[in-house]
**Student:** 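This structure is in C-alpha cells; I'll ask about it shortly.
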Amino acid sequence: GNIPGFTATNATAAPIVATITVTPTFGACSGPAITFTITVNPRLVISGPSTMITTYSRADTSTTAYSVTGGTGTIRYSIAPTVTGITIDSITGYVYLSSTLGSASAQTLYTETVTATDSVGATSTKVLRITVNKMLAFTGGSDIYTTLGIAQSSVAYGTTGGTGAVTITLETYTSGV
C-alpha cells in the first residue's frame, strides 16, 4: 500500500528533519522495515525593494537585489506582468529598467510582482511599484543683449520633470562675460 499524503509544516527558522520507519504488515505477517527521512525547510520569504523611482531616458538598476530566507535548493526570480523595459535577473534578483521605459512627457507608474520560486516549487511574492518620471527639460532662459558696462541677465532658468534635486551648471562660458 501507499503512505497517505500529508502536508508537512515548519513554523521555525531552521529545517526540521524527521526519521520515519514503515513496516508493512498483513495479519500476523510483517515485511522488512524501510526507514527514510523527511526534511521540511522553513517557509520561503522574499525581501527586497518595494519601490523604484527613475527618470525617462535613464537606464536604472535596483540598488538592492531581492533575496529570500527559507525554501529548498536553488532560488529563481521572475517578474510579472511582462512589460517591455522591465526585467529581473533570475539568479541575482536585481531588477533592470531600460532607458525607454515610460514616457518623455508624463509620469508613468507600473505595479509589478516579483516572485521567488525554490527547487520544489514553493513561492513567495513581493509587490514592486515603479515610478518613471518624465524627461528632465529646461524652462525659461533667454538670450542676453547688452553693451559694455551695462549689466543684464536672462530670464531665470528652471526645469520640469526628472527625479530628485536638479542642479543647473554653466559649463561653457567666455571669460569676462
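Computed from heavy atoms alone, side chains included, the values below leave out hydrogens, waters and symmetry copies. Numbers for residues simply follow the sequence, beginning at 1. Remember, predicted model here, so these are calculated numbers, not experimental data.
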**Student:** Should Glu112 and Ile86 count as side-chain neighbours, where that means a heavy-atom distance under 4.5 Å?
**Tutor:** yes
**Student:** Give me the atom names and distance for the closest heavy-atom approach of Pro49 to Lys126.
**Tutor:** O-CE, 3.7 Å
**Student:** With rounding to the nearest 0.5 angstrom, report the OG1 to CG distance, Thr51 to Leu109.
**Tutor:** 12.0 Å
**Student:** Hey, does Val114 have a side-chain heavy atom less than 4.5 Å from the side chain of Ile46?
**Tutor:** yes
**Student:** Nearest 0.5 Å, please: how far is OH in Tyr66 from OG in Ser78?
**Tutor:** 11.5 Å
**Student:** Taking Ile79 as the starting point, is it possible to reach Tyr77 by hopping between hydrophobic residues whose side chains are less than 4.5 Å apart?
**Tutor:** yes
**Student:** Does one hydrophobic cluster hold both Leu136 and Val132, with members joined at side-chain heavy-atom distances below 4.5 Å?
**Tutor:** no
**Student:** So do the side chains of Val95 and Thr61 get within less than 4.5 Å of each other, counting heavy atoms only?
**Tutor:** no
**Student:** Among the clusters formed by ILVMFWY side chains lying less than 4.5 Å apart, do Leu128 and Tyr96 turn up in the same one?
**Tutor:** no
**Student:** So for atom CZ, which belongs to Arg76, do other residues, nucleotides or ligands contribute more than 12 heavy atoms lying within a distance under 6.0 Å?
**Tutor:** yes
**Student:** Would you please say whether a donor-acceptor pair under 3.5 Å links the side chains of Thr72 and Asn41?
**Tutor:** yes
**Student:** For residues 17-39, please give each side-chain donor-acceptor pair under 3.5 Å, one per line with the distance, not counting sequence neighbours.
**Tutor:**
{"from": "Thr21", "atom 1": "OG1", "to": "Thr35", "atom 2": "OG1", "distance (Å)": "3.2"}

**Student:** Per the side-chain contact (heavy atoms from CB on, under 4.5 Å) rule, which among Thr108, Val83, Thr84 passes with Leu101?
**Tutor:** Val83
**Student:** Supply the atom-to-atom distance Ser103 OG to Lys134 NZ, rounded to the nearest 0.5 angstrom.
**Tutor:** 9.0 Å
**Student:** Answer yes or no: is there a donor N or O on one side and an acceptor on the other, between the side chain of Asp118 and the main chain of Ala122, under 3.5 Å?
**Tutor:** yes
**Student:** Assess the side chains of Thr64 and Ser62: does a donor N or O sit below 3.5 Å from an acceptor N or O?
**Tutor:** no
**Student:** Measuring from atom OG of Ser119 to atom CD1 of Ile75, what distance do you get when rounded to the nearest 0.5 angstrom?
**Tutor:** 7.0 Å
**Student:** If you measure from OG on Ser153 to CD1 on Ile144, what distance do you get to the nearest 0.5 Å?
**Tutor:** 6.5 Å
**Student:** Tell me yes or no: between the side chains of Thr55 and Thr163, is some donor less than 3.5 Å from an acceptor?
**Tutor:** yes
**Student:** Less than 4.5 Å apart, side chain to side chain, heavy atoms only: is that true for Ile53 and Asn133?
**Tutor:** yes
**Student:** When you compare the side chain of Met135 with that of Tyr56, does any pair of heavy atoms fall below 4.5 Å?
**Tutor:** yes
**Student:** Can you measure from CZ (Arg58) to CG (Leu97) and round to the nearest 0.5 angstrom?
**Tutor:** 9.5 Å
**Student:** Hey, does the side chain of Thr123 reach the backbone of Thr117 with a donor-acceptor pair shorter than 3.5 angstrom?
**Tutor:** no
**Student:** Taking all non-hydrogen atoms of both residues into account, name the closest pair between Ser154 and Ser142 and its distance.
**Tutor:** CB-O, 3.3 Å
